[in-house]
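So the structure is just underneath, and the comments pick up after that.
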Amino acid sequence: MPDIERFGVFIAAAFLLFLSVVRWVTRRRISKPSLWMLLVLATIVVPIGMVFARYGHILIHLPWEVYYGVPALITFLLPPLWLRMSRREIAQYVPLALLMAPVIHVVFSLFVGWHDYMPFPAYIPSLAELLRSTPR
């Protein structure tokens, strides 16, 4: 699959995971955030953040602290502010937000063999690679 199409699949997966995390964190609210509000928030955080990171690195050659840091800060700060999360919700959201990218990376590495979602220091082989290397 061409790189740009794979990037689109990564965006879709991250978008769905982000929506799921935010919906789960706000599940106990009496007045839940509207779907429209969550879609706008998810669009700012996920596709815009990922496009900024990708092209800030590839085209503009920003330092990694900027092209990773800005989307990370938006991911950590914007949802609690936008949704006026309680301390309990923030305590649930932040650890899940920290885990979103590594989980996507591991899932795509294991099941699809795409190892480029994030630069992990350790290579994660796909299940196909593991099955091929298993002695019979």
Side-chain angles (χ1 to χ4, degrees):
M1 177 177 284
D3 187 50
I4 195 70
E5 290 175 11
R6 188 167 55 216
F7 184 62
V9 172
F10 284 146
I11 287 176
F15 192 88
L16 291 173
L17 181 59
F18 177 81
L19 280 176
S20 299
V21 165
V22 172
R23 295 280 302 210
W24 187 81
V25 167
T26 60
R27 73 193 180 283
R28 292 193 176 138
R29 288 184 177 188
I30 294 169
S31 177
K32 303 210 181 347
S34 70
L35 181 59
W36 174 250
M37 180 185 290
L38 293 178
L39 290 174
V40 172
L41 175 62
T43 300
I44 293 169
V45 171
V46 179
I48 292 174
M50 288 178 70
V51 167
F52 175 83
R54 178 182 175 92
Y55 293 106
H57 171 63
I58 294 172
L59 297 179
I60 306 172
H61 306 290
L62 294 171
W64 71 268
E65 295 91 345
V66 175
Y67 69 79
Y68 275 135
V70 169
L73 282 174
I74 289 171
T75 300
F76 294 127
L77 299 177
L78 190 59
L81 294 171
W82 183 295
L83 299 172
R84 296 186 176 121
M85 289 183 181
S86 67
R87 289 176 192 231
R88 181 185 58 79
E89 290 171 334
I90 293 170
Q92 292 174 344
Y93 173 74
V94 170
L96 292 172
L98 280 168
L99 292 173
M100 283 189 283
V103 165
I104 291 170
H105 180 79
V106 168
V107 167
F108 276 96
S109 292
L110 276 174
F111 296 108
V112 187
W114 297 351
H115 307 284
D116 55 343
Y117 185 76
M118 60 185 296
F120 261 22
Y123 180 77
I124 300 169
S126 69
L127 290 176
E129 292 171 316
L130 291 172
L131 292 173
R132 277 194 302 263
S133 66
T134 305
R136 296 183 187 236

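Heads up: numbering here begins at 1 and tracks the sequence. Bear in mind the structure is a predicted one, so any value in this text is a computation, not a measurement.
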Between the CZ atom in Phe18 and the CG atom in Leu41, the distance rounded to the nearest 0.5 Å is 4.0 Å

Closest approach of Val46 and Ile11, non-hydrogen atoms and distance?
-> CG1-O, 3.7 Å

Separation between OH (Tyr117) and OG (Ser109), nearest 0.5 Å, reads 11.5 Å

If the plane angle is over 60° it's perpendicular, under 30° parallel, otherwise tilted; pick one for His57 and Tyr67.
-> tilted

Closest non-hydrogen atoms of Ala14 and Met50, given as atom of the first, atom of the second and distance, are CB-SD, 3.9 Å

Under a single-linkage definition using a 4.5 Å side-chain heavy-atom cutoff for Ile, Leu, Val, Met, Phe, Trp and Tyr, are Leu81 and Val22 assigned to the same hydrophobic cluster?
-> no

Atom OH in Tyr55, atom CD1 in Ile60: separation rounded to 0.5 Å?
-> 11.5 Å

For Glu89 and Ser86, indicate whether the former's side chain and the latter's backbone hold a donor-acceptor pair under 3.5 Å.
-> yes

Cluster question for you: counting only ILVMFWY and a side-chain heavy-atom cut-off of under 4.5 Å, with indirect links fine, are Leu19 and Met37 together?
-> yes

Under 30°, 30 to 60°, or over 60°: which ring-plane class applies to Phe108 and Trp114, parallel, tilted or perpendicular?
-> parallel

Transitive ILVMFWY side-chain link Leu16 to Leu96, under 4.5 Å | no

Value rounded to 0.5 Å, distance of CZ in Arg29 from NZ in Lys32 = 9.0 Å

Counting N and O atoms only, with roles assigned by atom type, does the side chain of Arg6 sit under 3.5 Å from a partner on the main chain of Asp3, one being a donor and the other an acceptor?
-> no

